[in-house]
Amino acid sequence: MIDLYVYYKVRELDAASLAPRVRAMQTALAAGHGVAVQLKRRPGSKDGLQTWMEVYPGAPDGFDGVLAQAALDAGLDALPDGPRRTEIFVDLKPELTPCA
């Protein structure tokens, strides 16, 4: 399992158009792949830009490819101001304590 974090900049003027596209994509991904989804943004904006974050905790390995294709199919590359950046994180395995 992996956790995916996708962040990008959105022009304030495009936020209302982009939000329903992202939510529709996430709804389809949740239904089709059983993943949890979250959509977040930083409070406020800077220079007319908001920073958005899509979060997919506990996704199956290889889900980043599914997500990239879903974003293309949803036309999400048209509205962000710059690239969508994807970060993948995995849980650290707990350290085993030797028995005494």
Side-chain angles (χ1 to χ4, degrees):
M1 293 295 213
I2 59 174
D3 295 335
L4 283 129
Y5 299 87
V6 182
Y7 59 98
Y8 44 93
K9 302 285 186 183
V10 178
R11 290 177 293 278
E12 287 178 322
L13 297 173
D14 293 331
S17 298
L18 183 59
R21 289 185 191 189
V22 175
R23 286 193 168 97
M25 178 194 71
Q26 287 186 316
T27 298
L29 288 169
H33 296 276
V35 295
V37 299
Q38 299 172 8
L39 180 60
K40 302 173 180 280
R41 76 172 186 88
R42 283 194 177 134
S45 60
K46 183 177 179 183
D47 299 325
L49 296 172
Q50 300 174 355
T51 302
W52 287 21
M53 171 91 59
E54 297 168 30
V55 182
Y56 302 90
D61 291 340
F63 183 73
D64 53 320
V66 171
L67 178 58
Q69 185 61 53
L72 284 175
D73 293 346
L76 297 189
D77 290 340
L79 290 174
D81 187 68
R84 291 169 47 92
R85 293 179 168 86
T86 302
E87 300 285 343
I88 298 173
F89 287 78
V90 296
D91 290 334
L92 291 175
K93 293 182 181 180
E95 293 185 31
L96 298 176
T97 306
C99 295

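Keep in mind that the numbers below use all heavy atoms, side chains included, and drop hydrogens, waters and symmetry copies.
Note on Leu4 and Met53: separate hydrophobic clusters, where clusters join Ile, Leu, Val, Met, Phe, Trp and Tyr whose side-chain heavy atoms are under 4.5 Å apart, directly or indirectly. A continuous path of hydrophobic side-chain contacts links Leu39 to Met25 [ILVMFWY only; heavy atoms under 4.5 Å]. Criterion: ILVMFWY side-chain heavy atoms under 4.5 Å apart, direct or through other members. Under it, Met1 and Val37 are not part of a common hydrophobic cluster. Each of Leu67 and Tyr7 belongs to its own hydrophobic cluster when Ile, Leu, Val, Met, Phe, Trp and Tyr are linked at side-chain heavy-atom distances under 4.5 angstrom. A continuous path of ILVMFWY side-chain contacts below 4.5 Å connects Val66 to Val22, so both sit in one hydrophobic cluster.
Taking the side chain as every heavy atom from C-beta outward, Ser45 and Val10 never approach each other to under 4.5 Å.
Its side chain outside the 4.5 Å cluster rule for every partner, Leu49 clusters with none of the Ile, Leu, Val, Met, Phe, Trp and Tyr residues.
Without hydrogens or angle criteria, Glu12 side chain to Gln50 main chain gives no donor-acceptor distance under 3.5 Å.
For Arg42, the CZ atom counts as loosely surrounded, since its 6.0 Å shell holds 12 or fewer non-hydrogen atoms of other residues, nucleotides or ligands.
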Cut-off 3.5 Å, no hydrogens considered: what does the side-chain donor-acceptor table look like for residues 72-84, sequence neighbours left out?
unit_1: Asp73; atom_1: OD1; unit_2: Gln69; atom_2: NE2; d: 2.8
unit_1: Asp81; atom_1: OD1; unit_2: Arg11; atom_2: NH1; d: 2.9
unit_1: Arg84; atom_1: NH1; unit_2: Glu54; atom_2: OE2; d: 2.6
unit_1: Arg84; atom_1: NH2; unit_2: Glu54; atom_2: OE1; d: 3.2
unit_1: Arg84; atom_1: NH2; unit_2: Glu54; atom_2: OE2; d: 3.4

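Between Tyr56 and Phe63, the angle of the ring planes lies from 30° to 60°, which puts this pair in the tilted group. Between Phe89 and Tyr5, the ring planes lie perpendicular to each other; the angle is over 60°, past the 30° to 60° tilted range.
Closest non-hydrogen pair, Ile2 versus Gly62, comes out as CD1-N, 4.5 Å.
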